[in-house]
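Atoms within a ligand are numbered from 1 in the order they appear, just like the ligands themselves. Quick caveat: nothing in here was measured; it's all calculated off a predicted structure.
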Amino acid sequence: MVGAILVLSGAGLSAESGLKTFRAEDGLWENYRVEDVATPEAFARDPALVQRFYNERRADVAVARPNPAHEALARLQQAHGESVHLVTQNIDDLLERGGARDVFHMHGEVNSALCAACGHRWPAPDVMEAGHPCPACGAPAARPDIVWFGEMPYHMDRIQAALEASDLFVALGTSGTVYPAAGFRQMAQQLGIRTMEINLDASGALFDEVREGPASTVVPEWVSEVLNG
Ligand code: OAD
């Protein structure tokens, strides 16, 4: 065992489950503008469009299934409990459905609804509509429980503490373009923590180790090494 591990995942983890990444040629941000669907200003301007975008994401997630990479990460966590932290930028629940627990969803979760007025959270219905009332306070302020551009990612204090306590930082299936997650590699290296990238196309960033290939193959191989090594 290599000690404490923090795995930061991105859209590449769920790509082989059929969920689109953001920045590929046919990715989500090719068909939508971030400013139209993923900012608080967009939601204020056109809540119906924003709800429709996340309703589509929720429908895609509902039919997707965890792939061997999600399941391998869950095995790693089950075998090593508190010394493995799973942090994800993904808003799907495929890690949980693969068997993982206590996943830090730093960009929120598409299956959760949030009241913009009182902060209450509840399970999102399949289809959310603009002006949907909050079940706690009644305000017509239901929104997807997603961290939009310009908002503060969730769980940052706990993620920072987990990163500082790690011996290995793994960036898995993420382009490393969106902060603060994009700064974790450098932060880890400044703390003397070993870093590894797992990606279909290595980013060229300065990781201590790079494993290139599809997550569904590379992650189970790496997890087997850790568990048997
Ligand atoms: P991106 O779409 O930016 O990057 C996906 C990464 O996954 C790329 O580096 C691909 O090379 C890699 N990849 C694709 N298929 C893969 C596979 N089968 N196995 C391994 N790697 C693969 O997605 P993220 O980095 O997750 O934020 O994007 C970060 C954030 O930007 C998202 O959380 C979202 C987006 O805007 C918000 O919406 C707030």
Looking at Glu225, I want to see if its CD is surrounded by more than 12 non-hydrogen atoms of other residues, nucleotides or ligands under 6.0 Å.
yes
The closest protein heavy-atom partner of atom 20 (C) of ligand 1 is Leu200 N, 3.4 Å
ring-ring contact (aromatic ring centres under 6.0 Å, His included) pairs, two or more places apart, involving residues 97-142
Phe104-His155, His120-Trp122
Could you identify the single nearest non-hydrogen protein atom to atom 36 (O) of ligand 1 and state the distance to 0.1 Å?
Trp29 NE1, 2.9 Å
My understanding is that we take every heavy atom of each candidate and find the minimum distance to atom 23 (O) of ligand 1. Doing that for Gly12, Gly176, Ala11, which one comes out nearest?
Ala11
Using distance only, find each side-chain donor-acceptor pair of residues 27-35 under 3.5 Å and give its atom names and separation, not counting sequence neighbours.
unit_1 : atom_1 : unit_2 : atom_2 : d
Tyr32  : OH     : Glu56  : OE1    : 2.6
Arg33  : NE     : Asp36  : OD2    : 3.1
Arg33  : NH2    : Asp36  : OD1    : 3.3

Closest to atom 31 (O) of ligand 1 among protein heavy atoms sits Arg23 NH1, 3.0 Å
Linking I/L/V/M/F/W/Y whenever any side-chain heavy atoms sit under 4.5 Å apart, do Val218 and Leu200 land together?
no
Option set Ser203, Ala202, Ser175, criterion heavy-atom distance to atom 4 (O) of ligand 1, minimum
Ser175
Ligand 1 versus Val178, non-hydrogen atoms closer than 4.0 Å: side chain, backbone, both, neither?
side chain
Top protein contact for atom 25 (O) of ligand 1, by heavy-atom distance
Thr174 OG1, 2.7 Å
Which option wins on minimum heavy-atom distance to atom 33 (O) of ligand 1: Arg211, His107, Glu212, Glu197?
His107
Filtering Val147, Val37, Ile91 for the heavy atom nearest atom 39 (C) of ligand 1 leaves Val147
When Thr195, Leu168, Ile193 are each screened for side chain to side chain contact (heavy atoms under 4.5 Å, CB included) with Asp208, the one that passes is Thr195
Nitrogen or oxygen of Gly10 less than 3.5 angstrom from that of ligand 1:
no
Of all protein heavy atoms, the one nearest atom 32 (C) of ligand 1 is Phe22 CE1, 3.5 Å
Okay, side chain of Glu212, backbone of Ala202: is any donor-acceptor separation there less than 3.5 Å?
yes
Go through the steps to decide whether Arg194 and Glu209 satisfy the test salt bridge (charged side-chain N to carboxylate O under 4.0 Å, His left out), and finish with yes or no.
CA-CA 8 Å; Arg194 203 175 137 65; Glu209 184 178 349; 2.6 Å; yes
Show the atoms of ligand 1 that are less than 4.0 angstrom away from any heavy atom in Glu16.
17 (C), 18 (N), 19 (N)
For atom 37 (C) of ligand 1, which protein heavy atom lies nearest, and how many Å away is it?
Phe149 CE1, 3.8 Å
Decide whether the shortest distance between a heavy atom of Trp148 and an atom of ligand 1 is less than 4.0 Å.
no
If you count the non-hydrogen atoms of other residues, nucleotides and ligands that lie under 6.0 Å from CG in Asp26, is the total more than 12?
yes
Between Arg52 and Asn55, do the side chains contain a donor N or O and an acceptor N or O under 3.5 Å apart?
no
Do the side chain of Glu109 and the main chain of Asp93 share a donor and acceptor less than 3.5 angstrom apart?
no
Is a donor on one side and an acceptor on the other found under 3.5 Å between the side chain of Glu16 and the backbone of Asn67?
no
Who's the nearest protein heavy-atom neighbour of atom 19 (N) of ligand 1, and how far?
Ala215 N, 2.9 Å
For Phe53, does the six-membered ring have the charged nitrogen or CZ of Arg57 within the cation-pi criterion, i.e. under 6.0 angstrom from the centroid and within 45° of the normal?
yes
Which of the numbered atoms in ligand 1 are under 4.0 angstrom from any heavy atom belonging to Pro214?
19 (N)
Give me the nearest non-hydrogen protein atom to atom 11 (O) of ligand 1 as residue plus atom name, then the distance to 0.1 Å.
Asn199 OD1, 2.6 Å
Check each atom of ligand 1 against the heavy atoms of Gly173 and keep those under 4.0 Å away; list them by number with element.
5 (C), 6 (C), 7 (O), 21 (N)
Quick check on contacts: which atoms of ligand 1 are under 4.0 angstrom from a heavy atom of Ala15?
15 (N)
Report yes if Gln89 has an N/O atom closer than 3.5 Å to an N/O atom of ligand 1; otherwise report no.
yes
